[in-house]
Chemist: 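Mind having a look at this structure? Questions to follow.
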There are 4 protein chains.
Amino acid sequence: MKRKGPKYDKIIDAAVSVIAMHGYHQSQVSKIAKQASVADGTIYLYFKNKEDLLVSVFNEKMGSFIERTGEELREKSSAIEKLSTLIDMHFRLLDDDHELSIVTQLELRQTNRALRAKIGEVLKRYLVLIDIILQEGMNEGVFNQHMDTRLARQMIFGTIDETATNWVMNDHRYNLPKLAQPVHQMLVNGLSNNADVS
Amino acid sequence: MKRKGPKYDKIIDAAVSVIAMHGYHQSQVSKIAKQASVADGTIYLYFKNKEDLLVSVFNEKMGSFIERTGEELREKSSAIEKLSTLIDMHFRLLDDDHELSIVTQLELRQTNRALRAKIGEVLKRYLVLIDIILQEGMNEGVFNQHMDTRLARQMIFGTIDETATNWVMNDHRYNLPKLAQPVHQMLVNGLSNNADVS
Amino acid sequence: MKRKGPKYDKIIDAAVSVIAMHGYHQSQVSKIAKQASVADGTIYLYFKNKEDLLVSVFNEKMGSFIERTGEELREKSSAIEKLSTLIDMHFRLLDDDHELSIVTQLELRQTNRALRAKIGEVLKRYLVLIDIILQEGMNEGVFNQHMDTRLARQMIFGTIDETATNWVMNDHRYNLPKLAQPVHQMLVNGLSNNADVS
Amino acid sequence: MKRKGPKYDKIIDAAVSVIAMHGYHQSQVSKIAKQASVADGTIYLYFKNKEDLLVSVFNEKMGSFIERTGEELREKSSAIEKLSTLIDMHFRLLDDDHELSIVTQLELRQTNRALRAKIGEVLKRYLVLIDIILQEGMNEGVFNQHMDTRLARQMIFGTIDETATNWVMNDHRYNLPKLAQPVHQMLVNGLSNNADVS
DNA sequence: GATGAATGAGTTTTCATTCAT
DNA sequence: CATGAATGAAAACTCATTCAT
């Protein structure tokens, strides 16, 4: 099981392309192999099976993103800034690669529970970043110290994810990164009409 | 295509049961038929095809829920109360039928885009309810009058949905309806440490 | 098993219509029943099963034709005249009812061997008429007395049938009865350049 | 879609065998695959679908026959000889492969119109051979120059086909090739009692 | 007699994976 | 390392026929 090499990357990229173009259910291994200019059997030299390939797609693309995000966050001093950065980077990641956005927001969701469980494993590292921000904000005193952090995390992730998914389902018709700031503001201040804080 | 009768309901309920128990991809028509104690062919007297059955499952269960919710909201006088009611009813619907919650939060998502598009049609009527609440709250002056209502709707739905999905993925281990109040509070006031608590 | 009554005829006619319009493989019992304005089950009061219905269609339509032809032939005095009459009546039968021509020449052939065997039974009575003409012509001395009558019968029937089938496959675009005379001439004199013309 | 290779031929031959033995409607793909000693899926490496396989059966068997016949005819100098050769080769083809004769004369006819249309395409090349003979005979002056060549072609083909079909339906009980000469004689001279010419 | 709701057997085709070369 | 031909399991849907009313 080679996990590196030029063909490994070619297969990953081919998978994103094919899934984005033809949809998850029309993305046969043979189609991905042809797009990657390798033989069907070659895919099995690099991936245990199709599920492993799909998890790897998510892992490769999101894994490095999560790391970069973590690094970026460390450079910000306040929780408010960190949350803003997280949303901004998330939206820009998807805007920078529309194919990837289709794959992660739409296609990779129509998979069986086992695959989504493994994807969930990767996502956990992202959710940890959110938890850290929340904790920090509460320590700083800028976030409500009585809130349920699990709920807060679900609100943050659910809002970002729903916003991104709607953008993809609307064929990327509007500018997603521009929404980072208002989304951030809304998460921090909620719906209510209070004196602005952000 | 008979759309009523005792067998119609029996098949709908059997589909929910089978999908919740065995998962979407292991829910063959013959399995649903057996669970409903009808012949395979009988299903096709009531539904055009398997996709039609699945859409109908969602429609039957969510359609009446959306109506009931709309009626309930009309009895509440403020946007705050209405939002609170919406979240509460949503969580109680899922808590009242754990099988249904598995089906709507997990299994019915791993379907092709065509099916999800039809499910989306039904959901739109739910999102309209949210929009009405938002508009009302802005008119009342309790919601921020400068906010992007589309984003606000995505925050509300995304948060509710993510919260519900996490609850299902944690095997309904904790009490979901109890989360309605804190979720509502968080949506209204955001993460920030405001003095006031709605 | 009622073999008479107004519904019997209505079902037979409905079958011809439906088969001509939708083709053999799209002619379900329920479609024929609807066209005949009876319930599906009613068909089974008049016919043992679908095969029995189809054989009856052929029988009803061809049976009386064969009888009429036999009577007509008896009024002709020479074998030449009789052959001419046979071809003429055959072509006019099909021309008088285009739906029937589609059913007998195209649709009823794509059936299983059992059904075609039963249709063959009906046809035998027609072939007997041909045999009688041949025998008579040989006795009269106008037909070649050394010929194999089975072959002659196959030539006559094969030619008539092939001519009719081609006409149907060409959407009845030309006048079939007009071909009776030249077909007759060709069967009697063959391809060769004889001086005499019957 | 590989169209050559040893398995291609094995599948074609297996199809003829299975159809001849079990009949068209009892010739499932899996039965043909088993007979050919390949997996079911292998058939779809060589044929687009079952219909494509069946058309290919006809094409492979009749296509080369039509070519051989065309070549043979070119070596004959007179239309009379050519017609004689055509009939003779046709009957010998069927007599050489009884299984094939069952398939082409009986089983392949009980197919839907789409399939028969494609088979008709192949047959057209055979009918062209007949047309050439007819034209030549008319030019030579041995065939009636006033005859309708389309009718003549239908008489020739209808007679040959009907003769062959009857032979198959009589379980090949008599010698078909021996009938070539009398059939030829009858086509040329017709039924009438003229001085022999052939 | 007439109805029509219900039955349930039966088949083509796809595609992830293997393994001989 | 790489290939790609071959494998074979698995499932939605149709429709002739029945029988309780």
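These figures come from a predicted structure and were not determined experimentally. We name chains A, B, ... by the order of the sequence lines, and we start the count at 1 in each one.
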Chemist: With sequence neighbours left out, write down each residue that passes salt bridge (charged side-chain N to carboxylate O under 4.0 Å, His left out) with D:Lys124, or none if nothing qualifies.
Modeler: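 Expected list: D:Glu121.
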Chemist: List the steps, then state whether side-chain contact (heavy atoms from CB on, under 4.5 Å) holds for B:Asp52 with B:Asn49.
Modeler: CA-CA 5 Å; B:Asp52 183 35; B:Asn49 48 38; 3.4 Å; yes
Chemist: Among F:dG4, E:dT14, F:dA6, which is the nearest nucleotide to the side chain of D:Tyr44?
Modeler: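 Nearest listed nucleotide: E:dT14.
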Chemist: Supply the atom-to-atom distance B:Met62 CE to B:Ile119 CD1, rounded to the nearest 0.5 angstrom.
Modeler: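 CD1 of B:Ile119 is found 10.0 Å from CE of B:Met62.
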Chemist: Checking A:Lys61 against A:Thr104 for the side-chain contact (heavy atoms from CB on, under 4.5 Å) test, could you report, in this order, the C-alpha distance in whole Å, the side-chain angles of both residues, the deciding distance, and whether it holds?
Modeler: CA-CA 10 Å; A:Lys61 296 296 183 182; A:Thr104 61; 5.9 Å; no
Chemist: In whole angstrom, give the distance that lies between atom CD1 of D:Ile11 and atom P of F:dA5.
Modeler: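 Result: 14 Å.
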Chemist: Taking atom P of E:dT12 as reference, at what distance in whole Å does atom NE2 of C:His25 sit?
Modeler: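 Value for this atom pair: 13 Å.
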Chemist: Mind calculating the distance between CG (D:Asn112) and C1' (F:dT14) to the nearest angstrom?
Modeler: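 Computing the D:Asn112:CG to F:dT14:C1' distance gives 16 Å.
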Chemist: Please give the nucleotide sitting opposite E:dA9 as a Watson-Crick or G-U wobble pair, both distances under 3.5 Å, or none.
Modeler: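 Pairing partner, where one exists within any strand: F:dT14.
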Chemist: Checking base pairs now: Watson-Crick or wobble, both atom distances under 3.5 Å. What partners F:dT21?
Modeler: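 F:dT21 is paired, partner E:dA2.
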Chemist: Using whole Å, what does the distance between atom P of nucleotide F:dC1 and atom CG of A:Asp40 come to?
Modeler: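 About 19 Å, once rounded to whole Å.
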Chemist: Please list residues of residues 45-54 of chain C whose heavy atoms come under 4.0 Å from any atom in DNA chain E, ordered by number; otherwise none.
Modeler: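 Per residue number, the list reads C:Leu45, C:Tyr46.
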Chemist: side-chain contact (heavy atoms from CB on, under 4.5 Å) between C:Asp161 and C:Gln105: does it pass, once the steps are laid out?
Modeler: CA-CA 8 Å; C:Asp161 191 56; C:Gln105 299 304 120; 3.1 Å; yes
Chemist: Counting only side-chain heavy atoms from C-beta out, which of F:dA2, F:dA6, E:dG4 sits nearest to C:Ala39?
Modeler: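 In terms of side-chain proximity for C:Ala39, the closest of F:dA2, F:dA6, E:dG4 is E:dG4.
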Chemist: I want to check one thing: is the phosphate of F:dA2, taken as OP1 and OP2, less than 4.0 Å away from some side-chain N or O of A:Lys7?
Modeler: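 Yes, within the criterion.
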Chemist: Please report, rounded to the nearest Å, how far the P atom of F:dA5 is from the OH atom of D:Tyr8.
Modeler: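 Distance check: D:Tyr8 OH to F:dA5 P gives 17 Å.
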Chemist: Just one of D:Lys7, D:Lys10, D:Arg3 clears the side-chain contact (heavy atoms from CB on, under 4.5 Å) bar with D:Tyr46, so which one?
Modeler: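 For D:Tyr46, the side-chain contact (heavy atoms from CB on, under 4.5 Å) check succeeds only for D:Lys7.
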Chemist: Indicate whether OP1 or OP2 belonging to E:dA6 is found under 4.0 Å from a side-chain N or O atom of B:Thr42.
Modeler: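 It does not, given that no N or O in the side chain of B:Thr42 lies less than 4.0 Å from OP1 or OP2 of E:dA6.
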Chemist: In whole angstrom, give the distance that lies between atom OH of C:Tyr24 and atom P of F:dC15.
Modeler: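 C:Tyr24 atom OH is separated from F:dC15 atom P by 12 Å.
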Chemist: So how far is it from A:Leu123 CG to A:Arg116 CZ, rounded to the nearest 0.5 Å?
Modeler: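 If we round to the nearest 0.5 Å, A:Leu123:CG and A:Arg116:CZ are 12.0 Å apart.
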Chemist: Output the residues of residues 26-38 of chain D in contact with DNA chain E, where contact means a heavy atom of the residue under 4.0 Å from an atom of the strand; sort by number or write none.
Modeler: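 D:Gln28, D:Val29 - these, ordered by number, are the residues of the stretch whose heavy atoms sit under 4.0 Å from the strand.
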Chemist: How many whole angstroms separate atom CD1 of A:Ile43 from atom P of E:dC19?
Modeler: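 The distance from CD1 of A:Ile43 to P of E:dC19 comes to 18 Å, rounded to the nearest Å.
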Chemist: Check the surroundings of atom NZ in C:Lys118: do more than 12 heavy atoms from other residues, nucleotides or ligands lie under 6.0 Å from it?
Modeler: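 No, because the 6.0 Å sphere around NZ of C:Lys118 holds 12 heavy atoms or fewer from other groups.
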Chemist: Would B:Leu54 and B:Ile19 satisfy side-chain contact (heavy atoms from CB on, under 4.5 Å), going step by step from the backbone distance to the final call?
Modeler: CA-CA 10 Å; B:Leu54 296 176; B:Ile19 295 173; 3.6 Å; yes
Chemist: Separation of B:Lys2 atom NZ from E:dA6 atom P, in whole Å?
Modeler: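 These atoms are roughly 8 Å apart.
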